[in-house]
Amino acid sequence: MSSGDILDVVFDRFLSGTTIFANRDVLRHDYVPQALPHRDEQIHKLGAMVAPALTGSKISNVFVYGKTGTGKTAVARFVLSHLERRAGDTGAPVRVSYINCRLAGTNYRVLAELCRTWSVNVPFTGLASGEVLDRFRDSLIASKRFTVVVLDEVDALVKHQGDDTLLYELTRINESLRGGWVGIVGISNDLHFKEYLDPRVLSSLSEEELLFRPYLADELYDILLARAKSAFLPNALLEPALRLCAALAAGEHGDARRALDLLRVAAELAERETAKAVTEEHVRLAQQKIDDDRVAEALKSLPLHSKVVLLATHLISSRTQEGAITGDVYGVYKELCDVTKVEPLTQRRVSGLVNELDVMGILNARVVNLGRYGRTKKIRLGIPPKALSDAFSHETLVSSLMSYTPKSFHRRRIA
DNA sequence: CCTCCACTGGAAACCTAGGCTC
DNA sequence: GAGCCTAGGTTTCCAGTGGAGG
């Protein structure tokens, strides 16, 4: 049998042999369904806020907030795609640009992305932000269109007080447009986000506000049921499994995204073992798998130095009961760099990396005062050591350090 | 009550990669 | 192709911190 034949067998089996899915895309969280259960109120309100666009009037900027998986993005996409379609019918020159700020990463990349949705060419680096903004503005003026810019996860752009220049510029862009306008829909998971904003930006960005409450277990159940109807073949899903997905996700602040992930992964597990239906057992396995995968993914995509810092922490904490402290971690980190011929970063930088890892939940770092013995951070792994060795097993350089025995490790007595 | 350790974390300077203009 | 500019990452510098131990 040739390689091509083997592949044909695999593909055929995939195409015909599935016992579970009718349409798996329905369970992806970027899928926008025909109906959004339990979000009528928000759809109605947001619809009313953007409706003036159909007659060419400037819409108010809207600030949408609520926790992850409460339907913010889905509602925004739903409402705005309807707006665009309706505008197409009536001939209103409305256009919607959707940007995920966290995925974009920086101010510059958000702007560049924005330009790309307008087919304006910008290099991925090298230009001044102001220049990119100018190009965006020029294309707006040239096209004479009304624009709704959706900035999903805007909080990712403003981590410190005072770096809200991009938002400031965007909220002011209308002043320099003749004829067109830009309306901003800002979406944030972080309820405290507003505190970091310049009052001028805040008042301009949140001319209107829309709050999304977490879903209740019953509501999650309805959402899952609606999707499941088109995602699964008849009888491929047992009702208790669906209940369990809803209950588990409700336990985690009513996160619909989580619920959908659970259902999808559970179904994939069931399919892989060619089970006839998705059971509660599959859901439980899925819960574990999602957590493991998320950690593994985060670990693999870490920059080299962060990995070494993690290893240093691991090496120390596997040799003492107490958590490691910054000085020790840095000492061992430098040793590991030395062994692998990697130029070490400074302690200040490593301390910054530790903070980043702490935010990601991979490390637990806590500032402690040891009195006479100074002020430092106690650092512990936030994940099982096994996750480390698994994730790094493909990288010879890093994995070889897992069994290294640190020399410089002068532990003093800590109260 | 005072000292002083071992850092923390803010701020600014510095470095690098990449695009722009001429 | 030189000389300029910027964003993002890193280093350098340093004031600030809070409690054990004297």
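Order of the sequence lines fixes the chain letters, A, B, ..., with proteins taken first and strands second; residue numbering starts at 1 for each chain.
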In A:Thr147, A:Leu140, A:Ile59, the residue satisfying side chain to side chain contact (heavy atoms under 4.5 Å, CB included) with A:Trp181 is A:Ile59
For A:Lys377 and B:dA6, what is the distance between atoms NZ and P respectively, to the nearest whole Å?
-> 17 Å
Distance in angstrom units between A:Tyr108 OH and B:dT16 P, rounded = 21 Å
Every protein N/O within reach of nucleotides 11-14 of chain C N/O, cut-off under 3.5 Å:
{"residue": "C:dT11", "atom": "OP2", "partner": "A:Thr346", "partner atom": "N", "Å": "3.1"}
{"residue": "C:dT11", "atom": "OP2", "partner": "A:Thr346", "partner atom": "OG1", "Å": "3.2"}

Value in whole Å for how far the P atom of B:dG18 lies from CZ of A:Arg109 | 13 Å
Starting at atom CZ of A:Arg375, determine the distance to atom P of C:dA20, rounded to an integer number of angstrom.
-> 14 Å
When the distance from CZ of A:Arg372 to C1' of C:dG18 is rounded to whole Å, what number comes out?
-> 13 Å
Residue A:Ser351, side-chain heavy atoms: nucleotide from B:dC4, B:dT8, C:dA7 that is nearest | B:dT8
N/O (side chain, A:Asn355) to phosphate O (OP1/OP2, B:dG9) under 4.0 Å | yes
May I ask you to establish whether A:Arg39 and A:Phe212 are in a cation-pi arrangement, using a distance under 6.0 Å from NZ or CZ to the six-membered ring centre and at most 45° from the ring axis?
-> no
Contacts of A:Asp218 that satisfy side chain to side chain donor-acceptor pair (under 3.5 Å) - sequence neighbours left out | none
Can you check the A:Gln347 CD to B:dC5 C1' distance for me, whole Å?
-> 13 Å
Gap between atoms CD and C1', on A:Glu343 and B:dC15 respectively (whole Å) = 14 Å
If you measure from CZ on A:Arg284 to CG on A:Leu248, what distance do you get to the nearest 0.5 Å?
-> 6.5 Å
Interatomic distance, A:Asn369 CG vs C:dT17 P [rounded to whole Å] = 11 Å
Under the 3.5 angstrom rule, does the side chain of A:Glu395 hit a backbone N or O of A:Phe392 as a donor-acceptor pair?
-> no
Under 3.5 Å, which donor-acceptor pairs link side chains of residues 344-352 of chain A to any protein atom two or more places apart or in another chain?
{"residue": "A:Thr346", "atom": "OG1", "partner": "A:Arg349", "partner atom": "N", "Å": "3.3"}

